Amino acid sequence: MDLAANLDEIRRRIGSACARVGRDPGLVHLVAVSKGQPPAAVDAAVAAGQLLFGENKVQEARAKIPLCSGRASWQMIGHLQTNKCRAAVELFGMVHSVDSLHLARELQRWAERRERRIEVLLEVNLAGESSKFGYRPEILRREWAELRGLPDLAFRGLMTLAPWTPDPEKARPVFRGLRELREQLQDEFQADLPHLSMGMSGDFEVAVAEGATLVRIGTALFGPRPPRMASPAENPPSL
Ligand SMILES: *Cc1c(COP(=O)(O)O)cnc(C)c1O
């Protein structure tokens, strides 16, 4: 597995997806999803020029981040439990997965205590799958004013997970729906929501065509995730 070659290939594919729709590829940021990967994989990506990483579990991130290059910066992309907000504020520059007022208030509480401002995205459940986390759009609208009143959370945009499907075109309506919701919210609330976090290894080109600014890519970059990682410290680097 040649990580630098994978990275080049992903960048090339992002570039051509942008070219097809006339977007500036400089506005599409790659979040390298390092969940399940050892620190050595992160450091190899850093050496190849990738500095932004996404993790989906606070516990794994807390163990891994201190073992990785200090040049890496980190974002939380997975579901966040309220009892992990304190660590999340300390570890991450951005949380993609804010999906309730309760969670946002808890993040605010810790951001204030730590005198930090944290960037957040609101996760939206557009596919209406009950198994998924995320705001329903009507609830997001209802809570909007209160969310925006939280002073230490910088609301930067929206995030969604498309249902898994072998045909990435099937994800397009979900990605388009997120872009349209962003436009509606910007109009309704005079908000500035520059980021759309959408697209993973199997469907990122479609997401980019629909306006993604953050694509979250794991397996296409790092290869398949190792079966299970007990803790990074117990897992000697294997790259
Ligand atoms: C794992 C994960 C990804 C990346 O998935 P790949 O298919 O490996 O690219 C993206 N987003 C979230 C929220 C994830 O948990």
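This is a predicted model, so every value here is computed, not measured. What's counted below: heavy atoms across the whole structure, side chains too, no hydrogens, waters or symmetry copies. All ligand and atom numbering here is 1-based and tracks the order in the structure.
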#### Entry: Which segment of H96 sits under 4.0 Å of ligand 1 when only heavy atoms are counted
neither
### Salt-bridge contact R86-E106 (side-chain N to carboxylate O under 4.0 Å)
no
### Task
For atom 6 (P) of ligand 1, find the nearest protein heavy atom and state the residue, atom name and distance (0.1 Å precision).
S201 OG, 3.5 Å
### Query
Can a salt bridge be assigned to the pair K35 and E60 using a cut-off of 4.0 Å between side-chain N and carboxylate O?
no
### Message
Tell me if a side-chain donor or acceptor on Q186 pairs with a main-chain N or O of L193 at a distance below 3.5 Å.
### Response
yes
### Task
For the pair W144 and F155, name the ring-plane relationship: parallel under 30°, tilted 30 to 60°, perpendicular over 60°.
tilted
### Summary
Taking only non-hydrogen atoms of K35 and a 4.0 Å limit, the atoms of ligand 1 in range are 1 (C), 2 (C), 3 (C), 14 (C), 15 (O)
### Query
So, does Q50 use its side chain to make a donor-acceptor pair with the main chain of L30 at under 3.5 Å?
yes
### Task
For R216, counting its heavy atoms only, list the atoms of ligand 1 lying under 4.0 Å from any of them.
4 (C), 9 (O), 10 (C), 11 (N), 12 (C), 13 (C)
### Summary
Exactly one of R216, H29, Q75, E123 clears side-chain hydrogen bond (donor to acceptor under 3.5 Å, both in side chains) with S197, and that residue is R216
### Message
I'd like to check whether G218 has a polar contact with ligand 1, where a contact means an N/O of the residue lying under 3.5 Å from an N/O of the ligand.
### Response
yes
### Task
Just need the protein heavy atom nearest to atom 3 (C) of ligand 1, so name the residue and atom and give the distance.
M200 SD, 3.7 Å
### Task
Under 4.0 Å from a heavy atom of I77: give me the atoms of ligand 1 that qualify, with their elements.
11 (N), 12 (C), 13 (C), 14 (C)
### Message
Suppose I only count heavy atoms of I217 and a 4.0 Å limit; which atoms of ligand 1 are within that range?
### Response
9 (O)
